[in-house]
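Taking it in order: structure first as structure tokens, then the write-up.
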Amino acid sequence: MTERRAILSGSTFEEQIGYARAVIHGNSVHVSGTTGFDYTTMTISDDVAEQAEQCLRNIGAALAEAGCTFADVVRVRYLLPDRADFEPCWPVLRRCFGEVRPAATMLVCGLADPRMKIEIEVYAQRPAR
């Protein structure tokens, strides 16, 4: 039977909406769209690059709990309400993904809260055990 396990971050959104920060299914790790909220304080910066940094900290924690690192990411999606906010995030994103080179897509769309300027979703493959 294939392992399936949910990873929770403690975000109030997970409880209110009914989802997990990430789900491990076999060797695949699916990390939900993750915003720039600091989930311990439920605060968010007004700066899009700082939000991207916090997204990646949140994602990094989920990946670590799943037994992965950013080096295991094979797919990333960037969701932004304003396309002009994407380029200021590139240096932040390059630090995590520049060597890894996952498949990537950027979408312009509305997000759940007007304070959110970026949401990042990743898929990773856990190392064979």
Side-chain angles (χ1 to χ4, degrees):
M1 181 156 209
T2 302
E3 174 193 14
R4 185 184 189 286
R5 181 170 63 95
I7 295 173
L8 304 176
S9 71
S11 160
T12 58
F13 297 127
E14 293 168 21
E15 180 64 29
Q16 293 168 344
I17 299 169
Y19 70 96
R21 174 63 37 222
V23 174
I24 300 169
H25 188 255
N27 284 338
S28 297
V29 179
H30 306 270
V31 181
S32 295
T34 303
T35 66
F37 272 94
D38 177 332
Y39 296 132
T40 59
T41 62
M42 288 310 291
T43 57
I44 192 167
S45 171
D46 288 334
D47 181 78
V48 70
E50 289 176 17
Q51 284 192 26
E53 291 272 11
Q54 185 62 51
C55 288
L56 295 171
R57 281 192 291 275
N58 296 338
I59 290 167
L63 289 172
E65 190 169 335
C68 292
T69 69
F70 283 102
D72 300 307
V73 172
V74 296
R75 178 91 172 98
V76 60
R77 281 194 187 97
Y78 306 107
L79 308 138
L80 297 97
D82 183 349
R83 78 180 72 244
D85 280 341
F86 191 44
E87 191 169 350
C89 297
W90 291 358
V92 173
L93 303 174
R94 190 170 36 254
R95 279 197 301 274
C96 281
F97 300 118
E99 296 295 318
V100 178
R101 303 291 177 127
T105 301
M106 186 281 248
L107 300 168
V108 176
C109 61
L111 298 179
D113 183 313
R115 296 173 293 174
M116 297 171 180
K117 296 183 178 184
I118 187 169
E119 186 169 317
I120 303 172
E121 171 185 61
V122 304
Y123 299 91
Q125 285 296 123
R126 293 194 307 173
R129 296 171 190 245

With side chains defined as the heavy atoms from C-beta onward, is the minimum distance between [X] and [Y] less than 4.5 Å?
X	Y	result
Thr12	Met42	yes
Tyr19	Leu8	no
Phe13	Thr34	no
Phe70	Glu99	no
Ile120	Leu79	no
Val23	Arg5	no
Met106	Val108	yes
Asp113	Thr35	no

Where do [X] and [Y] come nearest, in terms of heavy atoms and distance?
X	Y	answer
Ile118	Val48	CG2-O, 4.2 Å
Ser32	Ala20	OG-O, 2.6 Å
Glu121	Val31	CG-O, 3.3 Å
Ala124	Leu63	CB-CD2, 3.9 Å
Ala22	Val29	CB-CG1, 4.5 Å
Asp47	Glu50	OD2-N, 2.9 Å

Test item: [X] side-chain N/O and [Y] main-chain N/O as donor-acceptor pair under 3.5 Å:
X	Y	value
Arg21	Gly33	yes
Arg83	Leu80	no
Gln51	Lys117	yes

> Distance from Ile44 atom CD1 to Cys55 atom SG, nearest 0.5 Å?
Replying inline: 7.5 Å
> Rounded to the nearest 0.5 Å, how far does OG of Ser45 lie from CD of Glu53?
Replying inline: 10.5 Å
Does a donor on one side chain and an acceptor on the other come within less than 3.5 Å for [X] and [Y]?
X	Y	value
Asp38	Thr40	yes
Ser9	Glu14	yes
Thr105	Arg75	yes
Gln125	Ser28	yes
Gln54	Asn58	yes

> Which residues satisfy the salt bridge (Lys or Arg N to Asp or Glu O under 4.0 Å) test with Glu119, sequence neighbours excluded?
Replying inline: none
Linking I/L/V/M/F/W/Y whenever their side-chain heavy atoms sit closer than 4.5 Å, directly or via other members, would [X] and [Y] fall into one cluster?
X	Y	answer
Tyr123	Val100	no
Val122	Val92	yes
Val76	Val74	no
Ile59	Met116	no

> Run the side chain to side chain contact (heavy atoms under 4.5 Å, CB included) check on Arg4 and Ile24 step by step: do they pass?
Replying inline: CA-CA 5 Å; Arg4 185 184 189 286; Ile24 300 169; over 6 Å; no
>> Tell me if the CG atom of Asp82 is crowded by more than 12 foreign heavy atoms within 6.0 Å.
In response: yes
> In terms of the angle between their ring planes, are Tyr78 and Phe86 parallel, tilted or perpendicular, with boundaries placed at 30° and 60°?
Replying inline: tilted
